[in-house]
Amino acid sequence: MALRLYNTLTRRLEPFVPLDPACPTMYVCGPTVYNYVHIGNARPYVVFGVLAALLRRRHGNLRYARNITDVDDKINHAAREQGVPITAITDRFAVAFREDMSALGVVAPDVEPEATRHIPQIVAMIERLIAGGHAYAAEEHVLFAVDSFEGYGKLSRRDPDDMLAGARVEVAPYKRNPGDFVLWKPSTDDLPGWESPWGRGRPGWHIECSAMAEAHLGDTIDIHAGGVDLQFPHHENEIAQSECAHGGRIFARYWLHNGMLNFGGTKMSKSLGNIEKVHDLLRVHPPEALRHALLSAHYRQPLEWSESLIEQSVRTLDRLYGTLRDLEALPLLRGTSDDPGDRASRHGIPLVVEAALEDDLNTPQALAEIAAIAAEARSLRNQVVHGNVQPNSMQRLNELRADLVGAGIALGLLQQSPAEWFGRGASEGDDARIQALIDERSAAKAARDFARSDAIRDQLATEGVLLEDTPQGVRWKRA
Ligand code: AMP
Ligand code: ZN
């Protein structure tokens, strides 16, 4: 089967053929660590993590870099507000980011370069750009000269006037062209800075990714990915910098962009304030349901985030884990082999599921295939428990169970035992989650939102948590 990916550079679905079939390379723009990330930020890391795992299965190897942006004006601002050094902010939120990603089952990169550890490479790249006539120093800044790169705009396909408007570039008097962007800027004594040929200063955001991609993956990489909001100016500028620093050699062969996660109808974004932090969501919802929700839409489509989306994912997982639990309960299944079924498989993953992912990461289709396997398993199990046992029924049920768990591997789902999934109320951390849901239900009731309060009661009931309304408030117990 061929892997096809939608390449933003060509606006086409293309077969993916890496430069080195023994080890493709992939770079995904990482977070700026000045706060907890929101669930929209998690979308690229979840979906491109699914791609990373797929590439590892197909090619046996992958070099995947996902950076940490740890120098940025937003970080400086947060540090100043809190009266702490920037590393106090960046260290704390880089750790929190890794914890959040790991809770969501996000596939880890092979390298996680930090911008502040690549200042010499950044300075060297800027020097090369100046030497090649692609950048110039002006008033302690260094700017990239967009007129010097013929291909400028080839990714976002905008005309120069639109690009300028989109970038909201500050038109400083020292810029030769208003679209020129900053590679290096001066730092006052109270700001983080490094010595450089242009005085003490710090890098612009775009050059960091170009320098880190070069340092860890070489001049030409196979896949570069990130959210569609980064297409312009960030990715356009990365292309300009890298291709000019590398004598015109192509920077990234396939550009992949995820659609935006919306909340309340508009893009979830820190600047708008309509965010739900992963850190907070994890306290009230099973992490696997958040992951399922993110994978329920195709990665290039927008996805509307909502409470009901999460509830739907919880219900779907309840059903799938319920099927697994029912299959495990069949006495004859104990001790029989875990071989996957006659559905051909790769690494235990049924090929129908693998084929869906190889079709430009069609996760909704992969989930539909999983649902179909589960439906077949439930129907066969019903026949068996009603005494209608065919000679190969038990073997088939065993195969379907292996297919279900195998399919889950591809998406990072269904890897707990049913007991763990349903027993998720058993831990102490979960008591807080249950209490938070009960509080939310009380608030919903007070606001006469009975649909919501009933939905919470039902959700808790499926987890085996029973509520009792008493004059002292709501009490709960496990069934
Ligand atoms: P940032 O830290 O803002 O650079 O964002 C980190 C990653 O999250 C980038 O790949 C962004 O494109 C992506 N991103 C930011 N907001 C959203 C959103 N609402 N939906 C999906 N992806 C997003
Ligand atoms: Zn980047």
Side-chain angles (χ1 to χ4, degrees), residues 8 26-49 51 64-75 78 89-90 93-94 96-97 100-101 104 106 109 112-115 118 122 125 155-156 181 183 203-217 221 223-242 251-252 255-278 281 290 293-306 309:
T8 315
M26 176 160 91
Y27 186 93
V28 176
C29 293
T32 306
V33 282
Y34 64 101
N35 203 332
Y36 291 108
V37 293
H38 60 69
I39 190 74
N41 295 134
R43 190 177 193 194
Y45 310 127
V46 168
V47 299
F48 299 124
L51 176 61
Y64 170 20
R66 189 186 68 200
N67 71 290
I68 296 269
T69 297
D70 60 351
V71 49
D72 181 274
D73 287 347
K74 283 177 273 195
I75 298 173
I89 303 278
T90 54
F93 290 111
F97 171 70
D100 286 348
M101 292 307 106
L104 291 178
V106 166
E112 199 183 46
E114 292 161 330
H118 293 76
I122 291 170
M125 194 176 233
L155 178 70
S156 52
F181 57 88
L183 301 175
W205 170 38
H206 316 302
I207 193 75
E208 297 171 7
C209 280
S210 282
M212 289 187 277
E214 176 195 77
H216 296 279
L217 305 177
I221 62 183
I223 297 174
H224 193 311
V228 69
D229 57 335
L230 299 188
Q231 214 177 91
F232 185 83
H234 185 54
H235 290 162
E236 198 70 63
N237 292 355
E238 279 189 45
I239 293 177
Q241 297 159 158
S242 296
F251 171 43
W255 282 89
L256 270 57
H257 290 103
N258 64 274
M260 290 295 102
L261 191 96
N262 296 326
F263 193 42
T266 41
K267 173 189 167 185
M268 184 179 281
S269 101
K270 280 177 205 146
S271 55
L272 291 175
N274 61 336
I275 62 169
E276 290 206 322
K277 294 174 183 164
V278 174
L281 285 166
L290 302 175
L294 288 173
L295 293 172
S296 63
H298 188 264
Y299 78 96
R300 287 196 282 120
Q301 297 302 317
L303 172 60
E304 179 66 35
W305 188 253
S306 67
L309 176 72

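Since we're looking at a predicted model, the values are computed, not measured. We count ligands from 1, going down the list as the structure has it; atoms in each ligand are counted the same way.
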Examine distances only and state if a side-chain atom of [X] and a backbone atom of [Y] form a donor-acceptor pair shorter than 3.5 Å.
| X | Y | result |
| --- | --- | --- |
| Asn237 | Ile207 | no |
| Asn67 | Pro113 | no |
| Glu208 | Ala115 | no |
| Asn262 | Glu304 | no |
| Gln241 | His206 | yes |
| Glu114 | Ile68 | no |

Side chains of [X] and [Y] in contact at under 4.5 Å (non-hydrogen atoms):
| X | Y | value |
| --- | --- | --- |
| His118 | Pro203 | no |
| His257 | Pro44 | no |
| Met101 | Val37 | yes |
| Asn41 | Lys270 | yes |
| Leu51 | Tyr299 | no |

Under 4.0 Å from a heavy atom of [X]: give me the atoms of ligand 1 that qualify, with their elements.
| X | result |
| --- | --- |
| Met268 | 16 (N), 18 (C), 19 (N) |
| Gly259 | 21 (C) |
| Tyr45 | 6 (C), 7 (C) |
| Lys267 | 16 (N), 19 (N) |
| Thr32 | 2 (O) |
| Asn258 | 21 (C), 22 (N) |
| Asp229 | 11 (C), 12 (O), 15 (C) |
| Leu230 | 9 (C), 10 (O), 12 (O) |

Metal check, the Zn ion (ligand 2) vs His235 N/O/S, cut-off below 2.8 Å: no
When you measure from [atom] to every protein heavy atom, which one gives the shortest distance, and what is it?
| atom | answer |
| --- | --- |
| atom 10 (O) of ligand 1 | Gly227 N, 3.1 Å |
| atom 13 (C) of ligand 1 | Pro44 CG, 3.8 Å |
| atom 21 (C) of ligand 1 | Gly40 O, 3.2 Å |
| atom 17 (C) of ligand 1 | Met260 SD, 3.6 Å |

task: Would you mind telling me if ligand 1 is within reach of the side chain of Leu261, the backbone, both or neither, using heavy atoms under 4.0 Å?
output: both
- line: Under 4.0 Å between heavy atoms, the region of His38 that gets near ligand 1 turns out to be side chain
Return yes when [X] approaches ligand 1 closer than 4.0 angstrom through a heavy atom, no otherwise.
| X | answer |
| --- | --- |
| Pro31 | yes |
| Ala42 | no |
| Phe263 | no |

query: When you measure from atom 3 (O) of ligand 1 to each heavy atom in Asn41, Val33, Ile275, which option holds the nearest one?
result: Asn41
- line: Angle subtended at the Zn ion (ligand 2) by Cys209 SG and His234 NE2, to the nearest 10 degrees, is 110°
- prompt: If you look at Glu238, which of its N/O/S atoms is nearest to the Zn ion (ligand 2)?
  reply: OE2
